[in-house]
Amino acid sequence: MKKSIFRTVLLVIMIAGTSVVVNGQHHKGAHDRDDSSRKEFRKMDKDGHRGLPDMTDEQKEKVKDLRTSLLKDITPVENELNEKEAKLNTLSAAEKVDKKAIEKTVEEIGELKTKLMLAREFHKQDVRAILTEEQRVVFDRMGGHKRGMRHGR
């Protein structure tokens, strides 16, 4: 009797240990990828800024101006989007659901999201236009959301 309990406990410990090891290996590989463009992007420049390789002061200033302009353009749209999403929550939780109002609000949310996406994509193209070929390669490999371009999200 004691031997069967001991064997069962030992078997459970072995299975649990194996799953922990397998799980740990899976996550380690996902985070430890060697991506030279990510490393290049994470490097600090001489002023302590992260960014693209060898950016000139003029490029930095232009990117800063473009970012400021983007934020001015999208902030009101993001605010309106948040309001529409809150309205949708209210409509969805109402005692008597108004499907027409829900449909209209969902369409408005879609339009606002499209507007934001276009503004961000156009911004990316404006930034790309001032970069050298080497900088564009790094910029393109990073993707917008990894550069912190998903403002407020």
Side-chain angles (χ1 to χ4, degrees), residues 12-94 97-153:
V12 169
I13 290 172
M14 288 174 41
I15 291 171
T18 304
S19 67
V20 168
V21 169
V22 169
N23 226 1
Q25 288 174 350
H26 171 72
H27 291 293
K28 183 179 179 189
H31 295 294
D32 291 346
R33 271 187 254 154
D34 181 30
D35 187 348
S36 60
S37 63
R38 288 177 204 255
K39 287 181 181 177
E40 187 67 35
F41 186 78
R42 280 190 225 133
K43 283 184 184 175
M44 299 277 196
D45 67 9
K46 65 180 185 259
D47 299 324
H49 296 102
R50 291 176 198 247
L52 298 167
D54 304 320
M55 283 188 72
T56 65
D57 290 338
E58 182 181 350
Q59 285 177 314
K60 289 177 188 176
E61 191 61 34
K62 284 182 182 179
V63 169
K64 183 179 173 184
D65 291 345
L66 287 170
R67 180 173 167 76
T68 302
S69 175
L70 173 69
L71 291 174
K72 282 182 181 178
D73 291 343
I74 68 171
T75 298
V77 179
E78 287 177 329
N79 291 339
E80 186 177 354
L81 176 61
N82 290 334
E83 290 172 10
K84 297 291 182 186
E85 288 174 338
K87 180 180 178 182
L88 180 60
N89 288 337
T90 302
L91 290 170
S92 298
V97 176
D98 182 353
K99 290 184 179 180
K100 293 269 188 206
I102 289 175
E103 180 180 357
K104 180 181 178 202
T105 305
V106 167
E107 288 175 0
E108 291 170 346
I109 288 171
E111 290 171 8
L112 292 170
K113 286 185 176 185
T114 299
K115 197 173 190 178
L116 286 171
M117 193 172 199
L118 284 171
R120 290 180 179 129
E121 287 303 317
F122 293 156
H123 170 74
K124 272 180 20 181
Q125 295 309 313
D126 291 343
V127 170
R128 284 184 90 251
I130 64 171
L131 301 176
T132 66
E133 185 176 350
E134 177 189 6
Q135 291 166 335
R136 274 194 304 272
V137 170
V138 174
F139 184 82
D140 292 343
R141 286 189 48 102
M142 291 309 298
H145 64 281
K146 293 177 184 148
R147 283 190 305 276
M149 290 183 59
R150 290 191 52 146
H151 309 289
R153 302 273 176 217

Does Thr75 reach the main-chain N or O of Leu71 with its side chain, forming a donor-acceptor pair under 3.5 Å?
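Yes: the side chain of Thr75 pairs with the backbone of Leu71.
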Any donor-acceptor pair under 3.5 Å from Gln59 side chain to Ile130 backbone:
yes
State, with a plain yes or no, whether a side-chain heavy atom of [X] is found less than 4.5 Å away from one of [Y].
X	Y	answer
Leu81	Lys115	no
Asp73	His123	no
Lys113	Lys84	no

How many angstroms lie between [atom1] in [X] and [atom2] in [Y], if you round to the nearest 0.5 Å?
X	Y	atom1	atom2	answer
Glu61	Leu66	CD	CG	10.5 Å
Leu131	Asp54	CG	CG	12.0 Å
Ile109	Thr114	CD1	OG1	11.5 Å
Lys124	Arg120	NZ	CZ	11.0 Å

Hey, mind stepping through Lys100 and Glu103 against salt bridge (Lys or Arg N to Asp or Glu O under 4.0 Å) and telling me if it holds?
CA-CA 5 Å; Lys100 293 269 188 206; Glu103 180 180 357; 5.1 Å; no
Quick one: list whatever passes side chain to side chain donor-acceptor pair (under 3.5 Å) with Thr132, sequence neighbours left out.
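Only Gln135 meet the side chain to side chain donor-acceptor pair (under 3.5 Å) criterion with Thr132.
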Apply side chain to side chain donor-acceptor pair (under 3.5 Å) to Arg136 and list each qualifying residue two or more places apart in sequence or on a separate chain.
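Testing Arg136 for side chain to side chain donor-acceptor pair (under 3.5 Å), a comparison that skips the adjacent residues, returns none.
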Pairing of Lys62 and Glu58 as salt bridge, 4.0 angstrom limit
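Yes, charged N to carboxylate O under 4.0 Å.
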Do you know the tightest heavy-atom contact between Lys60 and Met55?
CE-O, 3.7 Å
Nearest atoms (heavy-atom pairs only) where Ala119 meets Ile74
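Closest approach of Ala119 to Ile74, heavy atoms only: CB-CG2, 3.7 Å.
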Restricting to side-chain contact (heavy atoms from CB on, under 4.5 Å), what partner residues turn up for Ala101, sequence neighbours left out?
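Only Leu91, Asp98 meet the side-chain contact (heavy atoms from CB on, under 4.5 Å) criterion with Ala101.
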